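All values derive from a computational prediction rather than experimental measurement.
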Amino acid sequence: MTEPRPVPGDHGVPSTPEALRERYEAGSTVQELVAISGLSHGTVINRLRSAGTVMRTPWETRRMREAPARRRLASHLRRLYEQHGATLAELALAGAKTKRAARQLLIEAGGKPRTAQETLRIRSAARAAERQKLMTALRKKYENGAAVSGLAAEHHLSVATVYRLLHQAKTQMRPHGAAGQRRDRTDP
């Protein structure tokens, strides 16, 4: 059998078995090699095999091509999961498509799935911190003269909620109504 001659394709790409093998092992598919070399599908396959190329399945090619993007997604999901307390359902919405895929990506990125109780503890601690921050801000504004109704409108809360948060923050409340206003005017 004679050695196949290099035949330039439409784009001038060398189509020797070694050149085809090099491109294939770099990640090109057989269809891409057919397109750039101008050779038929069968010829490309035969040349790859004559060069001793270990052929991939379509699944292996997809995994090889999506590996960098998959690693980036996995690390992003792990960051959301560990730093922001996201659940697997939220990770599925953030790009993993399903909770099962989110769990798999989390494990691939080196993360460890939490139990439901651990997630609840993280979430309640975060809510408590936010609530404390809100109470401090409301107290500071109220003590600087802001009205409860104004605070309620500003923070999209009910007046009752603002009163409750101010009381929980141990805020010294101003007197209500005209008697309080008169007292404020007479006190220097």
Is it the case that the side chain of T43 and the backbone of L39 share a donor-acceptor pair, with hydrogens and angles ignored and the cut-off at 3.5 Å? no

Indicate yes or no for a side-chain donor-acceptor contact from R47 to the backbone of T16 under 3.5 Å, with no hydrogens or angles considered. no

Suppose clustering is done on Ile, Leu, Val, Met, Phe, Trp and Tyr with side-chain heavy atoms closer than 4.5 Å. Which residues sit in the same group as L93? none

May I ask you to decide if L48's main-chain N or O and R21's side chain share a donor-acceptor pair within less than 3.5 Å? no

Tell me every residue that passes side-chain contact (heavy atoms from CB on, under 4.5 Å) with L120, counting only those two or more places apart in sequence or in another chain. Q117

Hey, are the side chains of P113 and Y81 touching, using non-hydrogen atoms and a 4.5 Å cut-off? yes

Can you confirm whether L165 sits close enough to L157 that some side-chain heavy atom of one is under 4.5 Å from a side-chain heavy atom of the other? yes

Side-chain donor/acceptor of T136 to backbone N/O of Q132, under 3.5 Å: yes

Quick one: which residue pairs count as a salt bridge (charged side-chain N to carboxylate O under 4.0 Å, His left out) with a foot in residues 78-95, not counting sequence neighbours? R78-E82, E90-R123

Can you check whether K99 reaches T87 side chain to side chain, under 4.5 Å on heavy atoms? no

Using a 6.0 Å cut-off, check whether atom CD of E22 has over 12 heavy atoms from anything other than its own residue. no

Going by the rule side-chain contact (heavy atoms from CB on, under 4.5 Å), which residues pair with P68 if we only count those two or more places apart in sequence or in a different chain? R71, R72

With sequence neighbours excluded, residues passing side-chain contact (heavy atoms from CB on, under 4.5 Å) with S124: R127

Trace of the side-chain contact (heavy atoms from CB on, under 4.5 Å) decision for M135 with T171: CA-CA 9 Å; M135 288 182 344; T171 307; over 6 Å; no

With sequence neighbours left out, the residues meeting side-chain contact (heavy atoms from CB on, under 4.5 Å) with A137 are none

Taking the hydrophobic residues Ile, Leu, Val, Met, Phe, Trp and Tyr, and joining any pair whose side-chain heavy atoms are under 4.5 Å apart, which ones share a cluster with I122? none

Only pairs at least two apart or in different chains count here, so list each salt bridge (charged side-chain N to carboxylate O under 4.0 Å, His left out) that has a residue in residues 158-172. none

In this structure, OG1 of T61 is separated from CE of M55 (nearest 0.5 Å) by 8.5 Å

Measure from the side-chain N and O atoms of Y142 to the backbone N and O of R174, and report whether any donor-acceptor pair falls under 3.5 Å. yes

Side-chain donor-acceptor pairs of residues 101-110 under 3.5 Å, sequence neighbours excluded:
residue: Q104; atom: NE2; partner: E108; partner atom: OE2; Å: 3.4
residue: E108; atom: OE1; partner: R70; partner atom: NE; Å: 2.9
residue: E108; atom: OE2; partner: R70; partner atom: NE; Å: 3.4
residue: E108; atom: OE2; partner: R70; partner atom: NH2; Å: 2.7

Residues passing the side-chain hydrogen bond (donor to acceptor under 3.5 Å, both in side chains) test with T119, sequence neighbours excluded, are R114

Could you go step by step and tell me if H167 and M173 meet the side-chain contact (heavy atoms from CB on, under 4.5 Å) rule? CA-CA 8 Å; H167 285 291; M173 302 302 288; 3.7 Å; yes

What salt bridge (charged side-chain N to carboxylate O under 4.0 Å, His left out) pairs are there with at least one residue in residues 132-143, not counting sequence neighbours? R139-E143, K141-E154

Would you name the heavy atoms of Y163 and V148 that are closest together and state the gap between them? CE1-CG1, 3.6 Å

Strictly by salt bridge (charged side-chain N to carboxylate O under 4.0 Å, His left out), give each pair with a member in residues 49-61 just once, sequence neighbours left out. none

Apply the side-chain contact (heavy atoms from CB on, under 4.5 Å) test between I45 and each candidate in L20, L33, V30, T53; give the one that qualifies. V30

Nearest heavy-atom neighbours spanning A94 and L80: CB-CD1, 3.9 Å

Go through the steps for S40 and V34 under the test side-chain contact (heavy atoms from CB on, under 4.5 Å), then give the verdict. CA-CA 6 Å; S40 71; V34 166; over 6 Å; no

